[in-house]
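Positions are given from 1, in the same order as the sequence printed here. When a ligand or atom number is given, it counts from 1 through the structure's own listing order. Excluded from the calculations below are hydrogen atoms, water molecules and symmetry mates; all remaining heavy atoms, backbone and side chain alike, are included.
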Amino acid sequence: MHKVIELITELLGVESLLAATLSRPQDKRNPVTRVHIRPIELQGQLHYQFAYYEAEKVKHRNLTKAESREELVYLLSKDYRQALLCSPEADYQLLINPGGKAKILKRPPSKKDVNLSHNRSKNYIIPNNQPCPFLARLGVMNQQGQVLPSRMNKFKQINRFLEMVEDVIEFLPQERKIRVLDFGCGKSYLTFALYHYLYERKGLDVEIIGLDLKEDMVRHCNQVAQDLQWTPRLGFWVGDVRDYQRTEQVDMVVSLHACDTATDVALAKAVAWQSQVILSVPCCQHELFDKIENPLMRPLTKHGILKERLASLVTDALRASALEIAGYNVQVLEFIATEHTPKNLLIRAVRSQNRGSSQQLKEEYRNFRDAWSLKDPFIETLFGDLLR
Ligand SMILES: C[S@@+](CC[C@H](N)C(=O)[O-])C[C@H]1O[C@@H](n2cnc3c(N)ncnc32)[C@H](O)[C@@H]1O
C-alpha cells in the first residue's frame, strides 16, 4: 500500500492529478459504488472535487490538496479495490486485493493536454483560450477563444452550470430524444450552453425549448439559434410558465432565476411530467416574507434583511421537501460563489426509481411549515394532495 500512498502524494504534490475514479467497493453493502475525483479551482486555489455516486444520488465534497490526499489514502486503504488515476504522463490502474496488497499498472496517458499548474482554466468544461463559436456569437469570448474580461463571471457561471448537468446526465434517457424545457430562459446563455454540451459535446439527441415572457428576447434567441444552425432542435417561445401545456414527456426541466413563484410553477410542471431531472435556481422569493411567523425566531424576523434571507431559505426548504415527497432525490447546491450573484442556490432533483411511502417526509414537511405558521404556501396549492 505504501507505493499507492507514494503515488498519490506525488501526483497531488506536483498538481498533476487530472482525474481519478475509485470503484469496486470492498464491502458489497457500501452504497457508494464509485467515487470520481477531479481538480477544480475555488477562489483561485486548486481543490479536488470528490463525487460519491450512490444508486441515484451524487454527493460532492470539495477538498484542499492536503485533505484530498488524506481522503484518497483512506478510501483506497479501506473502501475500494480498484482505481484509475490519470496524469499527463501516465494512467495508473490500481488493483488492491482484500489483504490490502496493491498492484500498480502504468499505461499511456488518456488525458494528455491539461497542465494544471500552468493553466487551470483548461479544467473548465468549456475551456478559455479555445474558440467556441456559440460563446463568440453570444459575446462571451472573442473569435480567438479568449473570454472577454467583462464576461468572465458569465463564463464561469456557464461552466458551473454544465458541471451540474454533467453529474446528472446519466439519469437522462440515452436511447431516445431528450426533451428539455427551460422556463424563464431570458437571454438564454445557459440554454445555449446546454445545447452545446448535450448535443455537440455528448452527441445526445435533444430537443430544447426556451420559454420566456419577453417577445424581443425570444426573437433575439431564435435569431442566434438560426445563426448557429441549431434550429429546429433548439427553439424559443413566448409564453407564461403558468399557461404552458404539453402532453409529451419532458425529461429535464430547467428554471434558472425564474422570478418569484414562477419557480414553483416550473417545479410543479416538472413533477406532473415526471421529469427525470430538475435544475432550478430560485430567484427573488417574495411570497413568504409577509407570512412567516415564529415568536421564538423574533431575533431573525425583526430585521428586514435577515427576514428576507430567512424567507428565501424557508421557501427553498419547502420546495426541496415537496420534491422529495414527490419522489425525487434532492440536493441543494451552491450554484456560483456569492461574489458573482447573491442568487446562488441550485435545487437539483433526480427522479427516484424507488418511490416508497413518503409519510415521514410529509410529516417533516408539515411540521416545518407549521413551525413558521404558514397557511397554504403557494407550492402547496400547486402540489395539492401530494403534500397533504
Ligand atoms: C432573471 S431572468 C433569468 C434568465 C435566465 N434563465 C438566466 O438564468 O440567465 C428571469 C426571466 O424569467 C422570465 N420570466 C419571469 N416570469 C415568467 C413567467 N411567468 N413565464 C415565463 N417567463 C418568465 C423573465 O422574463 C426573465 O427573462
May I ask you to check whether over 12 heavy atoms, not counting those of [X], lie within 6.0 Å of atom [atom1]?
X: Glu54; atom1: CD; answer: yes
X: Lys106; atom1: NZ; answer: no
X: Lys187; atom1: NZ; answer: no

Under 4.0 Å from ligand 1, counting heavy atoms only, is it the side chain of Lys187, its backbone, both or neither? neither
Applying a heavy-atom cut-off of 4.0 Å, say which part of Ser188 lies close to ligand 1: side chain, backbone, both or neither. neither
Numbered atoms of ligand 1 (with element) below 4.0 Å of [X], judged on heavy atoms:
X: Cys185; result: 4 (C), 5 (C), 6 (N)
X: Gly186; result: 4 (C), 27 (O)
X: Gly239; result: 20 (N), 21 (C)
X: Lys214; result: 25 (O), 26 (C), 27 (O)

Please say whether [X] places an N or O atom under 3.5 Å from an N or O atom belonging to ligand 1.
X: Asp182; answer: no
X: Val241; answer: yes
X: Lys154; answer: no
X: Phe183; answer: no
X: Leu256; answer: yes

is_close_aromatic(Phe192, Phe236), centroid dist under 6.0 Å: yes
List the closest protein heavy-atom neighbour of [atom]: residue, atom name, distance to the nearest 0.1 Å.
atom: atom 17 (C) of ligand 1; value: Leu213 CD1, 3.5 Å
atom: atom 12 (O) of ligand 1; value: Gly184 CA, 3.4 Å
atom: atom 15 (C) of ligand 1; value: Cys259 SG, 3.7 Å

Going by distance alone, is a donor N or O of one side chain under 3.5 Å from an acceptor N or O of the other, for Ser275 and Asp251? no
Is it true that [X] and [Y] have a side-chain N and a carboxylate O under 4.0 angstrom from each other?
X: Glu207; Y: Arg246; value: yes
X: Asp216; Y: Arg219; value: no
X: Glu67; Y: Arg61; value: no

Ring of Tyr244, cation from Lys269 - is the NZ or CZ under 6.0 Å from the centre and inside 45° of the axis?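 No.
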Please confirm whether Ser255 approaches ligand 1 to less than 4.0 Å, judged on its heavy atoms. no
Considering Val254, Val238, Asp212 one by one, which has a heavy atom nearer to atom 24 (C) of ligand 1 than any of the others?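 Nearest option to atom 24 (C) of ligand 1, by heavy atoms: Asp212.
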Of the listed options Gln157, Arg242, His257, closest to atom 8 (O) of ligand 1 (non-hydrogen atoms):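 Selected option, by shortest heavy-atom distance: His257.
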Hey, does Leu323 have a side-chain heavy atom less than 4.5 Å from the side chain of Val271?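 Side-chain contact under 4.5 Å: yes.
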Side-chain touch Arg201/His196, heavy atoms, less than 4.5 angstrom: yes
